[in-house]
> 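First the structure, then my questions, so here it is.
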Amino acid sequence: MASVFLYHVVGDLTVGKPELVELCETETIETAIRAIGDSTECGIPVWKRRLSLIETSEIRQQRFVGILNSLDIVAFLARQECLDDQDRAMKTPVSEVVVQNNSLLKQVDPATRLIDALEMMKQGVRRLLVPKTKGWKRVSKRFSMFYNGRWLKSLETPNSSSNTLTMNASNLPSSSSPPTIPTDKFCCLSREDVIRFLIGCLGALAPIPLSSISSLGAINPNYSVVDSSLPAIEATQMSPDDPSAVAVVEPGSSDGRHKIIGEISASRLWKCDYLGAAWALANLSAGQFVMGVEDNHHTPRSSLPDFSVDLSSNGGGGSMRARKFSSRSVGFNAANTSFGAGRSMYRGRSAPLTCKVKSSLAAVMAQMLSHRVTHVWVTEDDTEDVLVGVVGYADILATVTKHPANAVLSGS
């Protein structure tokens, strides 16, 4: 186990994090779209309305509903009743769209060890709710250590300059029983924040970061795929969870291997034209959706719908803009050729983010952070675009914690 996980606490990763602004389940989809644009991992926590000024950590945990992402919204807006009345659809309460899962967020103390936070995330937690308090500042990597099998935390109190709390290593701070901290200000720590922190500690993790993802066992062979000839809406029926992504593939050969040509995911739809993407999802094939084919090659311009919605960031002061659907508005790079012809001539923004089986873990982490995505598709080394798996946040966290740094063969 790398010492960086033992000598750092959650509070070390929250420096500079903005204060949490709760999105209530009674807010509209239109409001949620604005909030998601400023979120991490393409999703935002949804909460029940607060009923009292003072609440315990248990009540706060019960108020958490789930995490709403961009794919959830586009899939909802792609329903026929939503396409028929888009204004009404945009005013729909978030509670009717978000997938309820109370286990995706846990409240933890700022002095919780990083290794314990990683274990929570490995078990499915995607957000850590951390109180914004000055107390954790006395618990830095210099004090976060084991002493005779005990875990020491220094907390400052009014009656003493240093009050040391000792507990068994087997009873470390956890999300199930975080201490009550007199504060109403919190910040949210995501898995992206943890990966960003790890990028700055590559030396402490050596030789793991320079080892190939295949040698580390970081490639996840379980992923969702949809054939490019099928309707794009079928991707949402697969209910992809982690990562929230479906690979769009074409048969590669008779042995059942698939060639990836794109993806339908929360990452791709993060800051798209939601109404345009919803119409495309409902009316185009998966291949057309991801390749960004110009609509005039397939659909008469007169049959394309007019979209008019206020998505301004000032909360309603913007003007309504009527526009025709365009593949560019969905967020993909349009082509001047029909689907299936000259596909290798353009990939642009529609190209899926991929790596090779021999890519290093550090390279994959850097890809994810630079592109702000939750996953990278893995292809064969000797065959271009033949899909073999995916690497997501959960896979990386499991890899860096299960491999002792001195037991990994670098570059294998």
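In this text the structure is predicted, and so the values were computed from the model without any measurement. Quick note: numbers below take in every heavy atom, side chains included, and nothing from hydrogens, waters or symmetry partners.
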> With no hydrogens and no angle check, is any side-chain donor or acceptor of Asn102 less than 3.5 Å from a backbone partner on Phe64?
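Such a contact is found between Asn102 side chain and Phe64 backbone.
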
> Whether the side chain of Lys17 engages the backbone of Lys132 through a donor-acceptor N/O pair (distance < 3.5 Å, no angle test) should be reported.
no

> Tell me if a side-chain donor or acceptor on Trp270 pairs with a main-chain N or O of Asn69 at a distance below 3.5 Å.
no

> Looking at Lys356, I want to see if its NZ is surrounded by more than 12 non-hydrogen atoms of other residues, nucleotides or ligands under 6.0 Å.
yes

> Would you confirm whether Ser70, through its side chain, and Ala266, through its main-chain N or O, come within 3.5 Å as a donor-acceptor pair?
yes

> Can you measure from CE (Met120) to CZ (Arg127) and round to the nearest 0.5 angstrom?
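Met120 CE to Arg127 CZ: 16.0 Å, rounded to 0.5 Å.
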
> Could you walk me through whether Asp12 and Leu114 pass the side chain to side chain contact (heavy atoms under 4.5 Å, CB included) check?
CA-CA 9 Å; Asp12 294 331; Leu114 181 57; over 6 Å; no

> Measure from the side-chain N and O atoms of Glu234 to the backbone N and O of Pro231, and report whether any donor-acceptor pair falls under 3.5 Å.
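Not a single qualifying donor-acceptor pair exists.
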
> Start with the C-alpha gap between Phe76 and Thr236, add the side-chain angles, then the distance that decides, and say whether side chain to side chain contact (heavy atoms under 4.5 Å, CB included) holds.
CA-CA 9 Å; Phe76 170 75; Thr236 64; over 6 Å; no

> My understanding is that only residues two or more places apart in sequence, or in another chain, count here; which of them pass side chain to side chain contact (heavy atoms under 4.5 Å, CB included) with Glu22?
Leu20, Trp47, Arg63

> Taking side chain as C-beta onward, heavy atoms only, is Leu6 less than 4.5 Å from Arg113?
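Answer yes - side chains close enough.
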
> With sequence neighbours left out, what residues match Ala78 under side chain to side chain contact (heavy atoms under 4.5 Å, CB included)?
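So Ala78 forms a side chain to side chain contact (heavy atoms under 4.5 Å, CB included) with Ile233, Ala278, Leu281, Ala282.
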
> Flag the pair Arg49 and Glu25 as a salt bridge only when some basic side-chain nitrogen lies within less than 4.0 angstrom of an acidic carboxylate oxygen.
no

> Does any N or O in the side chain of Ser103 come within less than 3.5 Å of the main-chain N or O of Val125, such that one atom is a donor and the other an acceptor?
no

> If you look at every heavy atom in Ile59 and Glu55, which pair is closest and at what distance?
CG2-OE1, 3.8 Å

> Which pair of non-hydrogen atoms, one from Ser360 and one from Pro209, has the smallest distance, and what is that distance?
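Scanning both residues, the minimum pair turns out to be CB-O, 3.5 Å.
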
> If I compare all heavy atoms of Val390 with all of Pro243, which pair ends up nearest, and what's the gap?
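The pair with the smallest heavy-atom distance is CG2-CG, 4.3 Å.
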
> Report the distance from atom NE2 of His375 to atom CE of Met368, rounding to the nearest 0.5 Å.
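Rounded to the nearest 0.5 Å, the NE2-CE separation comes out at 8.5 Å.
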
> Could you tell me the separation between the CG atom of Leu269 and the OH atom of Tyr274, rounded to the nearest 0.5 Å?
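Interatomic distance, Leu269 CG to Tyr274 OH, rounded to 0.5 Å: 7.5 Å.
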
> Quick one: does any side-chain atom of Arg191 pair with a main-chain N or O of Val194 as donor and acceptor, under 3.5 Å?
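Side chain of Arg191 to backbone of Val194: no pair is present.
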
> Flag the pair Ile29 / Ile73 as yes when at least one side-chain heavy-atom distance between them is below 4.5 Å, and no otherwise.
yes

> What is the distance from atom CG of Leu128 to atom CD of Gln107, rounded to the nearest 0.5 Å?
10.5 Å

> Once rounded to the nearest 0.5 Å, what's the spacing between atom CG of Asp193 and atom CE of Met121?
7.5 Å

> Do Val98 and Asp72 have side chains that get closer than 4.5 Å, going by heavy atoms?
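Not in contact.
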
> Would you name the heavy atoms of Val400 and Leu397 that are closest together and state the gap between them?
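It is CG2-O, 3.4 Å.
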
> Within the structure provided, determine whether Ser211 and Leu361 are in side-chain contact (heavy-atom separation under 4.5 Å).
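Counting from C-beta outward, Ser211 and Leu361 never come under 4.5 Å.
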
> Does any non-hydrogen side-chain atom of Ile67 lie less than 4.5 Å from one of Asn101?
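Of all side-chain heavy-atom pairs linking Ile67 with Asn101, none is under 4.5 Å.
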
> Would you call Leu198 and Met365 a side-chain contact if the rule is heavy atoms closer than 4.5 Å?
yes

> Walk me through whether Cys188 and Leu105 qualify under side chain to side chain contact (heavy atoms under 4.5 Å, CB included).
CA-CA 9 Å; Cys188 240; Leu105 177 144; 4.0 Å; yes

> Test your reading of the model: is there a side-chain donor-acceptor pair from Ser370 to the backbone of Gln367, 3.5 Å cut-off?
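Yes: the side chain of Ser370 pairs with the backbone of Gln367.
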
> Please find the pair of heavy atoms, one from Tyr223 and one from Gly389, that lie closest to each other, and give the distance.
CE2-CA, 3.5 Å

> If you round to the nearest 0.5 Å, how far is OG1 of Thr92 from CG of Asp87?
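Going from the CG atom of Asp87 to the OG1 atom of Thr92 covers 11.0 Å.
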
> Of all heavy-atom pairs between Val94 and Cys24, which one has the smallest distance, and what is that distance?
CB-O, 4.4 Å

> Decide if the gap between the ring center of His8 and the ring center of Phe197 is smaller than 6.0 angstrom.
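Here the rings of Phe197 and His8 have centres that are less than 6.0 Å from each other.
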
> Would you check if Asp385 and Ile261 make a side-chain contact, meaning some heavy-atom pair closer than 4.5 Å?
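A side-chain contact under 4.5 Å is absent here.
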
> Judged by modelled atom types alone, do Asp109 and Thr112 share a side-chain donor-acceptor pair under 3.5 Å?
no

> Establish, from distance only, whether the side-chain atoms of Ser265 and Ser267 form a donor-acceptor pair under 3.5 Å.
no

> Measuring only between side-chain heavy atoms, which start at C-beta, is Thr14 closer than 4.5 Å to Pro110?
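Counting from C-beta outward, Thr14 and Pro110 never come under 4.5 Å.
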
> Hey, mind stepping through Asp395 and Ile219 against side chain to side chain contact (heavy atoms under 4.5 Å, CB included) and telling me if it holds?
CA-CA 7 Å; Asp395 305 307; Ile219 303 174; over 6 Å; no

> Can a salt bridge be assigned to the pair Glu192 and Arg372 using a cut-off of 4.0 Å between side-chain N and carboxylate O?
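Yes.
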
